[in-house]
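Report on the structure given below.
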Amino acid sequence: MIVAAAQMVAGTDIGSALGRAETIICQAAGDGARLVALPEYFAWYGPEDRMAAAANRGADILAAMGKAATRCGVYVLAGSVLMPGSEGKVRNVSTLFAPDGSMVSEYQKMKMFDAQTAVRAYHESDFLEPGQNAVTTQLDEWTLGLAICFELRFPALFLKLREMGANLIAVPSAFTHETGKDHWSTLVKCRAMDTQSYMIAPALTGESSGGKKCFGHTMIVGPWGEVMASRDEGEGYVVADISLERVEEVRDRMKLG
């Protein structure tokens, strides 16, 4: 199966982002992709005090992605979209659409990015409502596990996804530049090796209007930790041809679970 990981520039113009996302989806479909995964916050990434307003547009964004899946004839992972939550917070949700436009599965980010980097402090728990459950879903003969960005730092979550049958894991991200340059590729490859699964890691790049600079470096990594495709900067996508036989081969050679 051919899969694609998109890389998009961070921004707050939802209409523009949706148009660019659909272009990438259809172009990747033209390259044979069965699944196209978009980055975290692909349609909107801006200041925290505007997140609630962006979340009110979440249903429209998801509807547009369902239509894009139908138009382009592929599975679309709408990387992550802000949706209204409770108690004044919003939810960060990753949603999979089938080629007929139907919603297949939804995952709500559980681990919050609360950290002090050399550049600034991040406190996602102040405005994001955490999810409660790990999620896998069927995509043809594959079992797709879902995670988001900062969760790359929690190997137990990925081992749980493998226990749930995952052999392909998507981790749409908006990794900060200051952490990404040191940790991003290592974390993606480690989670692939931990789970002996393919990792699809679409990412935001560029600087948002909120002053957050994203690292980019979208990747697709194989179950042995091998980088199959990558893109450093700028919008676009990468594709890779993945096989269940390769997963089985790696897992047979080294028994980890």
Side-chain angles (χ1 to χ4, degrees), residues 1 3-6 35 37-41 75 77-80 91-96 104-115 124-125 128 130-139 141-176 179-180 182-204 215 217-230 238 240 242-244 246-257:
M1 181 173 73
V3 297
L35 166 67
L38 301 174
E40 182 184 28
Y41 297 131
Y75 281 91
L77 182 67
S80 85
R91 298 180 296 124
N92 192 10
V93 175
S94 188
T95 306
L96 179 68
V104 177
S105 188
E106 179 180 276
Y107 169 70
Q108 183 175 336
K109 187 177 183 180
M110 294 191 289
K111 303 295 186 181
M112 301 293 100
F113 182 35
D114 291 347
E124 280 192 338
S125 60
L128 289 184
Q132 301 299 319
N133 300 303
V135 171
T136 60
T137 190
Q138 290 304 122
L139 196 164
E141 71 272 31
W142 293 84
T143 301
L144 174 66
L146 300 178
I148 299 175
C149 198
F150 184 59
E151 294 178 325
L152 276 169
R153 298 184 184 275
F154 297 84
L157 170 59
F158 289 81
L159 294 176
K160 174 66 173 177
L161 292 173
R162 170 162 174 174
E163 289 174 5
M164 295 169 66
N167 42 30
L168 170 64
I169 300 173
V171 57
S173 299
F175 239 69
T176 67
T179 59
D182 295 324
H183 299 161
W184 167 253
S185 63
T186 299
L187 287 168
V188 176
K189 288 187 283 187
C190 281
R191 298 298 82 84
M193 290 184 284
D194 288 344
T195 61
Q196 299 174 308
S197 301
Y198 286 97
M199 291 285 294
I200 307 176
L204 280 189
F215 183 61
H217 291 73
T218 287
M219 306 171 69
I220 300 174
V221 176
W224 191 248
E226 68 275 28
V227 177
M228 302 178 68
S230 64
V238 296
I242 66 175
S243 75
L244 285 171
R246 175 60 173 161
V247 175
E248 293 165 0
E249 174 195 0
V250 169
R251 293 181 178 183
D252 284 344
R253 286 167 58 186
M254 186 177 292
K255 303 292 187 182
L256 297 182

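Computed from a predicted model, the values in this text were never measured in an experiment.
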Worksheet entry | K111: side-chain contact (heavy atoms from CB on, under 4.5 Å) partners, not counting sequence neighbours | F150, E151, F154

Discussion item. Under the side chain to side chain contact (heavy atoms under 4.5 Å, CB included) test against E226, which residue among M193, K189, R246 passes?
Written reply: R246

Worksheet item: Would you say Y198's side chain and S243's backbone share a donor-acceptor pair under 3.5 angstrom?
Response: yes

Discussion item. List the residues meeting side-chain hydrogen bond (donor to acceptor under 3.5 Å, both in side chains) with T218, not counting sequence neighbours, and say none if there are none.
Written reply: Q7

Worksheet item: With a 4.5 Å heavy-atom cut-off, do W224 and M254 have their side chains touching?
Response: yes

Worksheet item: Is E40 reaching over with its side chain to a backbone N or O of S80, donor-acceptor style, under 3.5 angstrom?
Response: no

Discussion item. What I'd like to find out is whether the side chain of M199 reaches to under 4.5 Å of the side chain of L152, using heavy atoms alone.
Written reply: yes

Worksheet item: How long is the span from the CD atom in E141 to the CG atom in L244, to the nearest 0.5 Å?
Response: 5.0 Å

Worksheet entry | side-chain contact (heavy atoms from CB on, under 4.5 Å) partners of P130, counting only residues at least two apart | M112

Worksheet item: Is there side-chain contact between H217 and S185, with heavy atoms separated by less than 4.5 Å?
Response: no

Worksheet, complete the sentence: Taken in chain and number order and not counting sequence neighbours, the residues that satisfy side-chain contact (heavy atoms from CB on, under 4.5 Å) with E106 are R91, V93, T95, M103

Worksheet item: Rounded to the nearest 0.5 Å, what separation is found between the CG atom of N92 and the CD atom of Q108?
Response: 8.0 Å

Worksheet entry | Least distance between heavy atoms, V221 atom then A192 atom | CG1-CB, 3.7 Å

Fill in: Closest heavy-atom pair and its distance - T143, G165
CB-O, 3.2 Å

Response to the item:
Separation between CG (L168) and CG (L161), nearest 0.5 Å, reads 11.0 Å

Discussion item. Going by ring pair (Phe, Tyr, Trp, His ring centres under 6.0 Å), name the residues that satisfy it together with Y107, two or more places apart in sequence or in a different chain.
Written reply: none

Discussion item. Taking G79's backbone N and O only, do any of them form a donor-acceptor pair with S94's side chain (distance below 3.5 Å, no angle check)?
Written reply: yes

Practice prompt. Provide the closest heavy-atom pair for S105 versus V135 in the form atom of the first, atom of the second, distance.
Written response: OG-CG1, 3.3 Å

Discussion item. Show me the pairs that pass side chain to side chain donor-acceptor pair (under 3.5 Å) and involve residues 154-165, at least two apart or across chains.
Written reply: R162-Q196

Discussion item. Tell me every residue that passes side-chain hydrogen bond (donor to acceptor under 3.5 Å, both in side chains) with E248, counting only those two or more places apart in sequence or in another chain.
Written reply: none

Discussion item. Ignoring hydrogens, what is the shortest heavy-atom contact between G180 and F215? Give both atom names and the distance.
Written reply: O-CE2, 3.4 Å

Worksheet entry | Straight-line distance of N133 CG to L146 CG, nearest 0.5 Å | 12.5 Å

Fill in: With sequence neighbours excluded, residues passing ring pair (Phe, Tyr, Trp, His ring centres under 6.0 Å) with F158
none

Worksheet item: Which pair of non-hydrogen atoms, one from L38 and one from P202, has the smallest distance, and what is that distance?
Response: O-CG, 3.3 Å

Fill in: Partners passing side-chain hydrogen bond (donor to acceptor under 3.5 Å, both in side chains) against T136 (at least two apart in sequence or in another chain)
none

Discussion item. Would you compute the distance between atom CG of D194 and atom CG of L159 and round it to the nearest 0.5 angstrom?
Written reply: 5.5 Å

Practice prompt. Drop me the distance from I169's CD1 to T195's OG1, to the nearest 0.5 angstrom.
Written response: 4.0 Å

Worksheet item: Sequence neighbours excluded, which residues qualify as ring pair (Phe, Tyr, Trp, His ring centres under 6.0 Å) partners of F175?
Response: W184

Fill in: side chain to side chain contact (heavy atoms under 4.5 Å, CB included), paired with V3, selected from L144, I242, V238
I242

Discussion item. Looking at every non-hydrogen atom in both residues, tell me the closest pair between L35 and L77 and how far apart they are.
Written reply: CD1-N, 4.2 Å

Item to complete: Check side-chain contact (heavy atoms from CB on, under 4.5 Å) between T186 and all other residues, then give those that pass, not counting sequence neighbours.
Response: C190

Discussion item. We want to know whether S197 and R251 form a side-chain donor-acceptor pair, criterion being a heavy-atom distance below 3.5 angstrom.
Written reply: yes

Item to complete: For T176, check side-chain hydrogen bond (donor to acceptor under 3.5 Å, both in side chains) against everything at least two apart and list the hits.
Response: T179

